[in-house]
Amino acid sequence: MEFSGFDIVVIALVAFVVLVLVAGIKTVPQGYRYTVERFGRYTRTLDPGLNLIIPFIDRLGAKMNVMEQVLDVPTQEVITKDNASVSADAVAFYQILNPAQAAYQISNLENAIQNLTMTNIRSVMGSMDLDELLSNREVINERLLRVVDDAVGPWGIKVTRVEIKDIQPPRDLVESMGRQMKAEREKRAQVLEAEGSRNAQILRAEGAKQAAVLKAEGDREAAFREAEARERLAEAEAKATRVVSEAIAAGDVNAINYFVAQKYTEAMASIGTAPNSKIVLMPMEASSLIGSLAGIGAIAREVFGETPNAQKPPRVPAPPQPSANRTTPSVNPFNQPRTET
């Protein structure tokens with residue numbers, strides 16, 4: 001089959017059109033941005049989807065991933081403010097916001113971010129003491145994020161997060177920190193135990209104080225009641241004495257006999273019930289006590305009206321006389337004058 005000159009021209013024209021279409025139509029996937037260069041100069045950025053460029057004049061430049069990316073920062077040695085050597089590694093998250101700046105303002109973007117993060121880790125962690133370094137990771141992360149993000153801002157990049165993954169102090173330092181923590185906990189336990197003992201002693205002292213106060217109040221109440229009882233007893237005795245005195249003033253001899261006999265009987269009872277008395281010597285005659293009892297009986301009969309036929313109570317027989325060869329005083333419980341023979 002032979003082609004004429006016209007056919008060849010048509011075929012060439014169709015091939016040229018297909019080539020132009022292929023060169024002018026560009027498809028950008030989601031999450032990416034393509035830069036367009038015209039004669040080597042940046043002109044614009046292609047968004048995701050179908051885009052048209054001028055064939056043979058414009059060409060695609062850098063293909064930038066605008067999704068958030070993770071950059072692993074390798075382990076490095078850091079000297080703290082108190083001259084302690086620790087090993088630390090981190091991880092950084094960044095996102096390209098301006099593809100043109102990220103493509104044309106910095107070369108080897110990931111390496112630049114990695115080295116920038118490493119140097120700032122040394123600067124931030126080196127300005128802190130070891131104890132502060134181990135206990136304030138959030139502060140370290142915040143300071144690293146602020147410093148690194150400010151540094152990569154002109155590159156059209158946003159550092160969203162910088163995290164310290166691990167901090168490893170030397171083994172001997174870890175052991176000394178363990179001993180220090182143990183000593184601190186033991187001291188805290190001793191302080192708590194001492195505080196508990198002090199509080200217990202305070203509570204016991206307060207309890208003893210309250211008990212003493214209550215006992216004193218009880219003793220005061222008992223003393224008050226005892227004094228009141230003694231006062232009433234004294235009043236009763238005074239009243240009895242007044243009644244007897246009135247009876248004596250009225251000339252009632254039986255009242256005198258009753259009063260003397262009562263005291264006499266109480267004295268005899270006290271002598272007989274003494275705990276240190278085994279033998280009781282009676283230096284008075286038994287008939288005196290009998291006479292006293294007879295006087296009491298006579299008074300009772302007069303008071304209760306039990307003297308039939310208005311007979312007077314029998315007289316108390318006189319005590320027996322002592323022998324002629326001995327002189328003994330006779331005690332009359334009814335206040336009769338003593339006689340000696």
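Counting from 1, the numbers follow the sequence of the chain as shown.
Think of L19 as one node in a network of Ile, Leu, Val, Met, Phe, Trp and Tyr side chains linked at under 4.5 Å; its network also takes in F16, V20, F56. V91 shares a hydrophobic cluster with V70, F93; the chain of contacts runs through ILVMFWY side chains whose heavy atoms sit under 4.5 Å apart. As a member of the Ile/Leu/Val/Met/Phe/Trp/Tyr network built from side-chain separations under 4.5 Å, Y42 groups with Y104. Grouping Ile, Leu, Val, Met, Phe, Trp and Tyr by side-chain contacts under 4.5 Å, direct or through others, puts I54 with F39, I57.
For Q69, the side-chain hydrogen bond (donor to acceptor under 3.5 Å, both in side chains) criterion is met by Y94, not counting sequence neighbours. Taking the side chain to side chain contact (heavy atoms under 4.5 Å, CB included) definition, one finds that T119 meets it with L116, R122, sequence neighbours left out. Residues meeting the side-chain hydrogen bond (donor to acceptor under 3.5 Å, both in side chains) test with Q105, sequence neighbours left out: none. By the side-chain hydrogen bond (donor to acceptor under 3.5 Å, both in side chains) test, D82 pairs with T80, sequence neighbours left out. Residues meeting the side-chain hydrogen bond (donor to acceptor under 3.5 Å, both in side chains) test with S87, sequence neighbours left out: E77.
The shortest heavy-atom contact between E37 and T43 is N-OG1, 4.3 Å. In terms of heavy-atom proximity, L71 sits nearest to E110 at CD2-O, 3.5 Å. The shortest non-hydrogen separation linking P48 to P29 is CB-O, 3.7 Å.
In terms of hydrophobic clustering, with Ile, Leu, Val, Met, Phe, Trp and Tyr side chains grouped at heavy-atom distances under 4.5 Å, L46 and M64 are assigned to different clusters.
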Do any side-chain atoms of residues 196-209 form donor-acceptor pairs under 3.5 angstrom with protein atoms, and if so which ones, sequence neighbours left out?
unit_1	atom_1	unit_2	atom_2	d
N199	ND2	E195	O	3.1

Please report, to 0.1 Å, the donor-acceptor pairs under 3.5 Å made by any side chain of residues 138-158, with sequence neighbours excluded.
unit_1	atom_1	unit_2	atom_2	d
N141	OD1	I164	N	3.0
N141	ND2	R137	O	3.2
N141	ND2	E163	OE1	3.0
E142	OE1	R146	NH1	3.0
E142	OE2	R146	NH1	2.7
D149	OD1	V159	N	3.1
D149	OD2	K158	NZ	3.2

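Heavy atoms of other residues, nucleotides or ligands lying less than 6.0 angstrom from NZ of K165 number more than 12.
Ion pairing of D129 with K81 is absent here, as no side-chain N (NZ or NE/NH1/NH2) approaches a carboxylate O to less than 4.0 Å.
A side-chain donor-acceptor contact under 3.5 Å links N65 to the backbone of M67. In this structure, the side chain of T35 does not engage the main chain of A100 through any donor-acceptor pair within 3.5 Å.
Residue pairs that meet the side-chain hydrogen bond (donor to acceptor under 3.5 Å, both in side chains) test with at least one member in residues 214-235, sequence neighbours left out, are K215-D219, E221-R225, E226-R230, E228-R232.
With a 4.5 Å cut-off on side-chain heavy atoms, L109 and I96 count as touching. When side chains are defined from C-beta on, V73 does not count as touching V162, because their heavy atoms never get closer than 4.5 Å.
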